[in-house]
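First the structure, in the form of structure tokens, and then the observations on it.
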Amino acid sequence: MRPFGTTIFSEMSALAARTGAVNLGQGFPDTDGPAEMLAAAAEALAGGANQYPPLPGIPVLRHAITAHEQRFWGLTRDPDSEVVVTAGATEAIAAAILALCEPGDEVVCFEPYYDSYAASITLAGAIRRPVTLRPGPSGRYEFDEAELRAAFGGRTRLVLLNTPHNPTGKVFTRAELDLIAELCREHDTYAVTDEVYEHLVFESEHVPLASLPGMRERTLRISSAGKTFSCTGWKVGWATGPAPLVSAVQRVKQFLTFVNAGPLQPAVAVALGLPDAYFTGFTAGLRERRDRLVSGLTDAGLAVLPSEGTYFVTADIRPLGGTDGIEFCRELPDRCGVVAVPTQVFYDHQDAGRHLIRFAFCKRLDVIDEAVSRLKKLT
Ligand SMILES: *Cc1c(COP(=O)(O)O)cnc(C)c1O
């Protein structure tokens with residue numbers, strides 16, 4: 001693990017704290033989630049729900065997870081054998097990879113990738129086979145079909161897919177997912193999907209890979225309360241899938257954390273059961289923030305790439321004379337009092353992302369407006 005130093009988020013958040021810059025680096029909301037959820041957590045905490053919950057999670061939460069999957073994505077699961085609650089999506093991802101991979105197995109993933117992926121793949125002794133997402137003619141991030149086909153081979157154990165995708169804001173289309181599914185079936189591999197932004201798609205639609213033909217039986221679908229309910233500090237996540245895969249994840253999870261977040265589990269069950277209006281309002285709120293930040297970044301002279309979902313938007317720094325995102329982000333607080341993160345640190349092929357930086361818009365509108373007014377100093 002020696003190559004895995006401190007994350008870029010720690011460096012950039014420390015920079016924000018030291019300089020008083022507006023922190024659009026790390027992706028955490030600056031407002032609280034639904035009041036019903038917070039009240040349920042307080043009630044559980046005061047009501048004695050403070051000991052170890054059952055290993056797979058409390059029944060009321062497992063039922064809420066399956067009901068939510070049915071309501072939004074039409075997936076039907078058994079809450080007793082096809083769901084496991086985890087310490088955030090992060091633990092579910094780590095446990096899934098540790099459970100499914102033997103040393104030397106290969107994991108196909110798309111770069112830039114979420115920073116825990118490389119670490120979890122390394123912990124399992126597995127090897128990552130990154131396929132690069134690059135802005136195409138329309139600005140949308142795309143992958144090359146031949147490159148994806150070439151990434152699959154005899155040692156491929158699983159494909160690790162994040163859609164909607166952090167850090168690019170890409171939402172994989174049905175056609176792209178069809179190709180990924182075809183390759184999984186052809187090479188008889190598993191899929192592990194990270195869908196923590198399932199409710200943050202601004203234009204198109206979110207399609208779970210598990211809903212495509214032949215994929216349900218080979219897919220572990222992972223999500224989490226953190227992003228959807230603005231409670232990233234709670235670390236309540238889950239994995240759903242066929243019973244043998246869920247049981248394998250549970251066996252690993254048992255020795256990572258055993259269980260977590262006892263009094264928060266009933267509260268997340270309440271949140272998952274909120275009416276559709278919560279979810280549509282949440283998406284609309286983030287869409288407005290995205291639009292506000294995108295127009296500010298464009299006015300500041302950056303070449304903004306389309307953000308179709310998530311908390312994030314990426315931009316090309318070359319129109320402002322920048323060539324290296326790390327250097328650009330280190331200087332940004334002094335130049336204009338704003339913090340962003342370079343995305344090149346999320347690539348194995350760093351050249352592909354050298355000129356790209358990421359901004360988070362999961363912030364109050366007044367915070368975004370302040371950042372936008374400071375960014376004007378760049379031009
Ligand atoms: C935030 C995030 C996670 C981590 O989720 P937790 O529930 O906080 O562990 C995983 N994947 C992606 C893509 C994320 O952005």
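No experiment lies behind these values; they were computed from the predicted model shown. Counting convention: from 1, in listed order, for ligands and their atoms alike.
- Ring centroid separation for the pair Tyr141 and Phe110 does not come in under the 6.0 Å cut-off.
- Ring centroid separation for the pair His206 and Tyr197 does not come in under the 6.0 Å cut-off.
- Cation-pi contact between Lys363 and Phe28: present, with separation from the ring centre below 6.0 Å and deviation from the ring axis of at most 45°.
- In terms of heavy-atom proximity, Ala267 sits nearest to Ala41 at CB-N, 3.5 Å.
- Geometrically, Arg289 does not engage Phe361 in a cation-pi contact defined by less than 6.0 Å to the ring centre and at most 45° from the axis.
- By the 4.5 Å side-chain criterion applied to Ile, Leu, Val, Met, Phe, Trp and Tyr, Phe346 is assigned to a cluster that also includes Ile8, Phe9, Met12, Leu15, Ile326, Val339, Val341, Val345.
- A distance limit of 4.0 angstrom between heavy atoms and ligand 1 selects the residues Gly88, Ala89, Thr90, Tyr114, Asn162, Asn166, Asp194, Val196, Tyr197, Ser224, Lys227, Lys235.
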